[in-house]
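What follows is a short report on a single structure.
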Amino acid sequence: MEKGLSVENLKAYYFANNNVIKAVDDVSFTLNEGESFGIAGESACGKSTLGLCIMRMLQSPGKIVDGKIIMNGIDILAMSDKEFTKNTRWKRISMIFQGAMNALDPVYSIKDQLKEVLTQHGFPQKNIDTRIREVIKQVGLNPSVVNRYPHELSGGMKQRIVIAMALLLEPEFVIADEPTTALDVLVQAQIINLLKKLKKKGMSIMLITHDLAIISEIADNIGVMYAGKMIEFGSVEQIYNDPKHPYTQALIAAIPRLKDRKKISYIKGSPPNLANPPKGCRFYDRCLHTMDICKHDPPLIKIKDAYVRCWLYED
Amino acid sequence: MVNPVVKVQGLRKWFPIKRSLLEIIHAKVEGFVKAVDDVNFNIEKGNVFVLAGESGSGKTTVARLILRAIEPDAGSVFFDNMDITKLDNNDLKKFRINAQMIHQDPYASIDPRMRILEIVMEPLTAYKIGSKKEKEESVMKTLEEVRLEPVNDIAYRYPHMLSGGQRQRVALARALILKPKFIVADEPVSMLDISIRAEILELMQNLQKKHEITYLYITHDLSTARYIGNDIAIMYLGKIVEKGPIDKVLLNPLHPYTQALIDAISEPDPNNRFVEKKIRIKNEMGKEIMYGGCNFELRCPYAMDICKTEPELLEVEESHYVSCFLYPK
């Protein structure tokens, strides 16, 4: 049995108002045990939907229509709901949701909210307090905060609580959806260090964010998504030092740097409407290297362990 | 020194802490949040002055005071040598033609029930400038200037039909239509996707050159600040702790707070994942703020006894000001 997570030809669509929105369209990648993975892309490229698919939490009108998500050799999409809820969700894969720090229930103390997760999963009653203490310490907070209510905590503390919640059942795999967005830079740096620490302890983190700088702090591999497609996948070194896809190149060129005041560029236009995506390459309208052949679906071209979906690299 | 367009002197705004009715009746001594406390800076003509800091540092309050959206408790703001804190309503109106604002969130700052044409035209209507036809022409010209093309199509659309970047350009067009000399931009690109941020920044720069517009650029993002700014002031809890030409401040930060902020920034680099981020500050900011002395003292790694008294903002090297006892007179 191979350890790790692999997503194969995943398709997840939203069925709304007679439209089919292809939010995740034929996405594949493999993540070895202990590796961390970053998914980069702009708003509405399907990156959060991909995270929700792996948690099997995609809600109607969204639906996984095809593909496999294989974790440690088992297809989690083939499991029954009951089995998945009992043994996999939160126990093996958990998620730090986007903006979750604002979703803490204001009328329950932190302890009650953490406790709920444990009781729901049949954690032995007598160990609950110890486990909560452990996990709170692990995220770098003083255990006394558990008696407080969300409004008494700062943004950074709330974000740590949300991370603690994802760690309660010691999952091997955590999906973090924009875990540092909306935090001040100093707090952001602390949360990044916390994620680095968890990674060192052997946890796989799948980091979903639009911020390529944050991804470089955590991820070993990066998948770049554009309009529902994963258009490039590769190691961090490769994506930053030698990006292949014109979109990845443009995205990296758009980041302003503090230490280097070079001219930054932008991508003209806006992403296509996913209810009616253009035929062929979805980046066609905005690409600087378009050719006639780009009107056809670009092939997936493997370069060692990496891949890119672009006609430019077809021999 | 060139004559500055905007001069801010001793600006102060303390918000009283609201308490229960009973306490108010008994006239208990109230506490204050010192949102802006003795702030001084000058903005020279055609420059971009960046006001940077974390949330709650008072940077937006400074902007609102400068435009006199709220009244200051003390201090003055000179615009073209005219103290705007003392203007009467008539003169204030004239001032506001010259000073406009762009807000952070283009999804909230433009009315969803108005067409783009009406949104951009509204300032002209409010100031009764031009006939209907002139107003329309002016809108079309401004839309062209912010590259919202084709203008004849965009003008008749509603905001929900535009992308975030396009909406922000509508906000920019609305600010530009009165041909202001001065624009306050409050985090104008922080809600936008990274791939289109540069487009808005470039547009702002082009307009700056073309119309000699002076900007006050408010942000928490120091990388963008370096890209667009000429001068910068770093705010912490209502006070400016460091200010000067942008390269001096960001490449050679002197105040411990500025140093901590710069260490905390991530830049895309594949080697990042092998090293921990350096965190210089001691603890998270508490809810209870201690005034008196240096505001940063409780979090500062270099705090000394003398930090219990208030540091002055002093010129440490040429035009580089720091408010810290580490740098004696």
Side-chain angles (χ1 to χ4, degrees), chain A residues 36 41-45 152-157 180 182-190 192-193 196-197 199-200 210-220 235-241 247 250-271 286, chain B residues 52-57 147 162-166 189-203 205 220-229 246-247 250-251 257 260-281 284-287 299:
Chain A
S36 287
E42 298 177 79
S43 352
C45 70
E152 298 177 282
L153 306 179
S154 68
M157 287 163 102
T180 60
L183 297 175
D184 277 322
V185 277
L186 289 169
V187 186
Q188 191 168 309
Q190 290 167 338
I192 288 172
N193 274 351
K196 281 179 193 264
K197 209 171 83 190
K199 189 187 154 193
K200 239 185 195 162
H210 67 281
D211 189 335
L212 279 163
I214 305 285
I215 285 192
S216 76
E217 298 279 358
I218 308 285
D220 305 301
S235 70
V236 172
E237 278 78 11
Q238 200 198 322
I239 301 277
Y240 288 110
N241 300 337
Y247 176 65
L251 205 55
I252 289 175
I255 306 172
R257 321 259 168 145
L258 186 76
K259 303 274 152 70
D260 170 19
R261 196 184 211 162
K262 65 171 175 50
K263 191 155 173 54
I264 52 174
S265 53
Y266 57 89
I267 308 175
K268 284 202 172 73
S270 46
R286 306 173 78 187
Chain B
E54 293 179 283
S55 37
S57 61
R147 284 190 241 130
L162 304 184
S163 69
Q166 287 175 317
V189 298
S190 67
M191 301 276 289
L192 304 176
D193 269 319
I194 187 108
S195 71
I196 50 174
R197 278 185 195 175
E199 192 174 8
I200 299 285
L201 294 175
E202 194 185 285
L203 197 55
Q205 280 175 331
H220 66 279
D221 176 358
L222 295 180
S223 310
T224 337
R226 170 108 199 277
Y227 187 71
I228 194 160
I246 201 141
D247 285 1
L250 295 183
L251 298 182
Y257 176 66
L261 274 183
I262 286 173
D263 283 343
I265 292 171
S266 296
E267 300 240 298
D269 177 352
N271 294 322
N272 281 345
R273 66 188 201 274
F274 304 116
V275 285
E276 255 193 49
K277 288 208 82 70
K278 193 161 153 195
I279 292 173
R280 299 199 199 207
I281 44 155
E284 273 193 43
M285 190 152 56
K287 276 251 157 107
R299 301 172 82 193

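So you know, we letter chains A, B, ... as the sequences are listed, proteins then strands, and number each from 1.
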Once side chain to side chain contact (heavy atoms under 4.5 Å, CB included) is applied, do any residues pair with Asp221(B), and if so which ones, sequence neighbours excluded?
Arg197(B), Thr219(B), Ser223(B), Thr224(B)
Pick one of side chain, backbone, both or neither for Leu222(B), based on which atoms fall under 4.5 Å of a heavy atom in chain A.
both
Are Lys259(A) and Glu267(B) close enough for a salt bridge, meaning some N to O gap below 4.0 Å?
no
Residues Lys196(A) and Val275(B): closest non-hydrogen pair is NZ-O, 2.6 Å
Would you say Ile264(A) and Tyr227(B) make side-chain contact, with heavy atoms under 4.5 Å?
yes
Which portion of Asp263(B) sits near chain A, non-hydrogen atoms under 4.5 angstrom
neither
Hey, what do you get for CD1 (Ile194(B)) to OH (Tyr266(A)), rounding to the nearest 0.5 Å?
15.0 Å
With a 4.5 Å limit on heavy-atom distance, are the side chains of Arg273(B) and Lys199(A) in contact?
yes
For Arg147(B), give me all partners under salt bridge (charged side-chain N to carboxylate O under 4.0 Å, His left out), at least two apart in sequence or on another chain.
Glu202(B)
Main-chain N/O of Leu258(A) paired to Arg226(B) side chain as donor or acceptor, under 3.5 Å
yes
Output the option from Lys262(A), Glu237(A), Gln238(A), Glu42(A) having the highest count of non-hydrogen pairs under 4.5 Å with chain B.
Glu42(A)
Hey, which of Ala189(A), Ala254(A), Ser36(A), Ser216(A) has the most heavy atom pairs under 4.5 Å with chain B?
Ser216(A)
Side chain from CB out, backbone as N, CA, C, O: work out which of these in Ile246(B) comes under 4.5 Å of a heavy atom of chain A, or both, or neither.
side chain
Report which part of Ala253(A) has an atom under 4.5 Å of a heavy atom belonging to chain B: side chain, backbone, both, or neither.
neither
Where on Leu201(B) is there a heavy atom nearer than 4.5 Å to chain A: the side chain, the backbone, both, or neither?
side chain
Please determine, among Ile255(A), Asp220(A), Ile214(A), the option with the most heavy-atom pairs under 4.5 Å with chain B.
Asp220(A)
To the nearest 0.5 Å, what is the distance between CD (Gln188(A)) and CD (Glu54(B))?
10.5 Å
Heavy-atom check, side chain of Leu261(B) versus side chain of Leu186(A), under 4.5 Å
yes
Side chain to side chain, Arg257(A) and Pro268(B), heavy atoms closer than 4.5 Å
yes
Of the backbone (N, CA, C, O) and the side chain (C-beta and beyond), which part of Asp211(A) lies under 4.5 Å from a heavy atom of chain B, both, or neither?
neither
Check: Lys277(B) main-chain N/O paired with Asn193(A) side-chain donor or acceptor under 3.5 Å
yes
Between the main-chain N or O of Ser43(A) and the side-chain N or O of Asp193(B), is there a donor-acceptor pair closer than 3.5 Å?
yes
Is atom NZ of Lys200(A) surrounded by more than 12 heavy atoms (other residues, nucleotides or ligands) closer than 6.0 Å?
no
4.5 Å side-chain heavy-atom contact, Ile281(B) and Gln190(A):
yes
Quick one: of Ile262(B), Asn271(B), Asp269(B), who has the most non-hydrogen atom pairs under 4.5 Å with chain A?
Asp269(B)
Find the distance between OG (Ser195(B)) and NZ (Lys268(A)) and round it off to the nearest 0.5 Å.
12.5 Å
Atom pair OG (Ser55(B)) and CG (Leu183(A)), whose distance is rounded to the nearest 0.5 Å:
9.0 Å
